[in-house]
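Just below is one structure, and these are the notes that go with it.
This chain uses plain numbering: 1 for the first residue, then up along the sequence.
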Amino acid sequence: MSRTISAKLPIKEGGINYSSSLKLEQGKVIQLSTELEKASPFYFGYDIQDKFVSELEKYTFDKIFFFTEPHLFEFYGKELYEKISSKFPCVIEFVPPGEKCKYFSVLEETCENLIAKGASKKSILLAFGGGTVGNVVGLAAGMVYRGIRFIEVPTTMTGQTDSTLSNKQAVNGKTGKNHFGLYHAPIFIWVDTKYLKTEPAFSKRSGIIEGIKNGFISDHTFLDYLAEVLNPDVKFTDEELYQLAYNIILSKLEIIKQDPSEKHYGIILEYGHTFGHGIEWLEQGKISHGEAVSFGMKIAAELGKELGLISPEDVERHYYLIEDKLGFKNPFPAEITTETLMDAMIADNKKTGRELRFVLLDKIGQCYNPEGDFLVTVDQELVKKVVENFIQRPRQKIKG
Ligand SMILES: NC(=O)c1ccc[n+]([C@@H]2O[C@H](COP(=O)([O-])OP(=O)(O)OC[C@H]3O[C@@H](n4cnc5c(N)ncnc54)[C@H](O)[C@@H]3O)[C@@H](O)[C@H]2O)c1
C-alpha cells in the first residue's frame, strides 16, 4: 500500500508541481527533459522495457554496445538485451562492479575493446547500471573517435535521480574522485523504476540523500514531504519508489532549469560535497558517495551554525532527516582525523585552485550567497575547529 503523501505537497503558484497523486501505471512512459545546456529526452516509467526498442528505432546506427555489470545482466539486463538484439546488432560488454570500473585502466580497456570489436562513428553505447557504469561508458563515448552517441539506462536511485541529470562523465585519479572527464550528453535517458526493487539499501540511501540535499538548498517544503515518506530501513513499495524517484528528479530539474550550465546557481548542488569528497576519497570505497555526502552535509550545517548563518534547530533538522528518517547513522569513520580530512579537501581542491570553499545555507531551503557567489571561502582554522568538534561530539541533540 502506498503511504499518503498528499498533505505535504501543496501546489505552489510558480513552484514545482511535485506529484502527490502520481499513480503507478505499468508500462506508461512519462517524458521529461534533463534541462541542461545540452538537454536530452528523459523517459520515466515502471516496467517500460517493451517500449525501449521503438524509441531506439528513431535513430540510425550500425551496432549497439550494451555495457553492464554481470549481476545486473542477470537481474534485468538480459531481458532488455534480448529485446534489442532481436531487432539490431547488439554486443554485450561487462565492466567491473561499482567504483572499481572508474579507473583509467578500465576506461582504456573499454575504448580499445570497442575499436577491436568494430565500433564505428555510427555505433551507440548503452550504459545499463548505476552511476559508475554510466560515468565510465559516458566518458568512453565522449572519447572514442572524439565522441560517439550513448544511451543511459540507470538502475540505481543515484543514477535515476542525479548522475544522469548532469552530462558529467569521469573516472577517478590517484589523488581524488572524478579528476578526469568531460561533458557528454546521452541521446536519451531511460528510467525504469522497476530496477530499484533490488538495489541494496546503502545504495538507495545514497540516491535519496541527494534529494534531501535538494530540499535543504532550494525547497524547504520538499523536506516536509521527505520527512513523511522516508523510513530508516528504506523499505518501499514499487509505487512509493516510483513516486519518490519522480519527485527527487523534479527537485533537481528545478535547480538545473535556473542554471543549465551548473556553474552559477547550480553550484549549490555541491552542498556537503567539499567535506563529502574528502571523506569519500579517504575511505577508498569503504563507504558510498552518498554516505560521505551525508557526513559532509552535517559538517556543512555545523559550519553554517558556527558562522552564525543557521540555528541549532536547523542543524538538528539535518541530523533528523539524514539519520532518523533516512537511516544513515553509522559513526564517523574512526580512521579519519581532522588533519587527514583537511589534507584530502585541500588536495581535492586543486580543481578550483583557490582556498577551501563551501556551499552553505543561510536558511533551510536557501543557500548563502554573499557578493553573488555561492561558493564561500571560510578560514581554515575555523573549518578545522568545526571538523574536530564534529568528530569528537557527533550529534548535539536539541531537546523538545
Ligand atoms: N555525473 C554526476 O554528476 C554524478 C552524480 C552523482 C554520482 N556520480 C557518480 O556515480 C557513482 C555512484 O553511482 P551509484 O550510487 O549508482 O553507484 P554504483 O554504480 O556503484 O552502484 C551501487 C551498487 O549497486 C549495484 N546495483 C546497481 N543497480 C542495481 C540494481 N538495480 N539492483 C541491485 N544492485 C544494483 C551495483 O553493482 C553497485 O554495487 C559515483 O562514482 C559518483 O561519482 C556522478
Side-chain angles (χ1 to χ4, degrees), residues 29 34 40-57 59 61 63-102 106-107 109-111 113-114 117 119 123-142 144 148-171 184-200 203-204 206-207 241 245 249:
V29 179
T34 59
S40 309
F42 187 100
Y43 299 107
F44 178 93
Y46 178 87
D47 200 12
I48 53 175
Q49 69 274 15
D50 286 351
K51 310 232 164 73
F52 187 88
V53 170
S54 54
E55 183 57 31
L56 209 49
E57 279 166 348
Y59 300 85
F61 56 91
K63 208 187 261 184
I64 298 274
F65 288 85
F66 188 116
F67 286 88
T68 191
E69 296 176 18
H71 78 119
L72 293 179
F73 187 68
E74 290 309 318
F75 276 152
Y76 319 98
K78 202 170 180 178
E79 204 181 336
L80 187 63
Y81 168 77
E82 280 168 0
K83 284 187 196 304
I84 299 170
S85 55
S86 70
K87 285 250 179 163
F88 305 106
C90 187
V91 180
I92 181 80
E93 294 286 335
F94 292 115
V95 289
E99 207 66 27
K100 288 200 191 88
C101 75
K102 285 184 58 168
V106 176
L107 175 69
E109 199 183 322
T110 304
C111 293
N113 246 336
L114 282 165
K117 291 188 177 164
S123 304
I124 294 179
L125 312 188
L126 187 154
F128 186 93
T132 53
V133 180
N135 269 194
V136 76
V137 174
L139 184 51
V144 169
I148 59 175
R149 293 166 295 171
F150 85 113
I151 296 164
E152 291 205 71
V153 185
T155 60
T156 60
M157 189 61 100
T158 295
Q160 300 196 347
T161 65
D162 191 29
S163 66
T164 51
L165 292 166
S166 80
N167 294 345
K168 289 182 204 159
Q169 319 302 343
V171 290
H184 190 50
I187 51 175
F188 66 88
I189 297 145
W190 190 263
V191 169
D192 191 332
T193 64
K194 184 177 82 169
Y195 304 145
L196 300 178
K197 199 188 306 225
T198 50
E199 184 184 11
S203 180
K204 222 171 260 162
S206 274
L241 273 176
I249 290 164

Sub-3.5 Å donor-acceptor pair from the side chain of [X] to the main-chain atoms of [Y], do we have one?
X	Y	result
His184	Ile148	yes
Lys194	Tyr76	no
Thr34	Ser40	yes
Glu199	Thr156	no

Calculate, to the nearest 0.5 Å, the distance between atoms [atom1] and [atom2] belonging to [X] and [Y] respectively.
X	Y	atom1	atom2	value
Thr110	Leu139	OG1	CG	9.5 Å
Ser54	Lys87	OG	NZ	8.5 Å
Ile84	Leu56	CD1	CG	6.0 Å
His71	Thr198	NE2	OG1	8.0 Å
Phe65	Asn113	CZ	CG	9.0 Å
Arg149	Ile64	CZ	CD1	8.5 Å

When you compare the side chain of [Y] with that of [X], does any pair of heavy atoms fall below 4.5 Å?
X	Y	answer
Ile48	Trp190	yes
Ile187	Phe61	no
Thr132	Glu69	yes
Gln160	Thr164	no
Val106	Lys100	no
Asp192	Phe52	no
Val191	Pro154	yes
Leu241	Tyr46	no

| message | A quick test of your reading: do over 12 heavy atoms of other residues, nucleotides or ligands sit less than 6.0 Å from CD of Glu93? | response | yes

Look at the rings of Phe66 and Phe73 and say which category their plane angle falls in: under 30° parallel, 30 to 60° tilted, over 60° perpendicular. perpendicular

Give me the ring orientation class for Tyr195 and Phe128: parallel if the planes are under 30° apart, tilted from 30 to 60°, perpendicular past 60°. perpendicular

Which atom of [X] lies closest to which atom of [Y], heavy atoms considered:
X	Y	value
Cys101	Val136	O-CG2, 3.4 Å
Lys63	Lys117	NZ-O, 3.0 Å
Thr193	Ala245	CG2-CB, 4.1 Å
Ala127	Gly134	CB-CA, 3.9 Å
Val171	Lys102	CB-O, 3.7 Å
Leu196	Thr155	CD2-O, 3.8 Å

| Is there a donor-acceptor contact under 3.5 Å linking the side chains of Asn167 and Gln169? | no

side-chain contact (heavy atoms from CB on, under 4.5 Å) test vs Thr68 passes for just one of Ile92, Val133, Val153, namely Ile92

Review point. Is the gap between the ring centers of Phe188 and Tyr59 under 6.0 Å?
Key: yes

Apply side chain to side chain contact (heavy atoms under 4.5 Å, CB included) to Val53 and Phe88, showing your working. CA-CA 9 Å; Val53 170; Phe88 305 106; 4.0 Å; yes

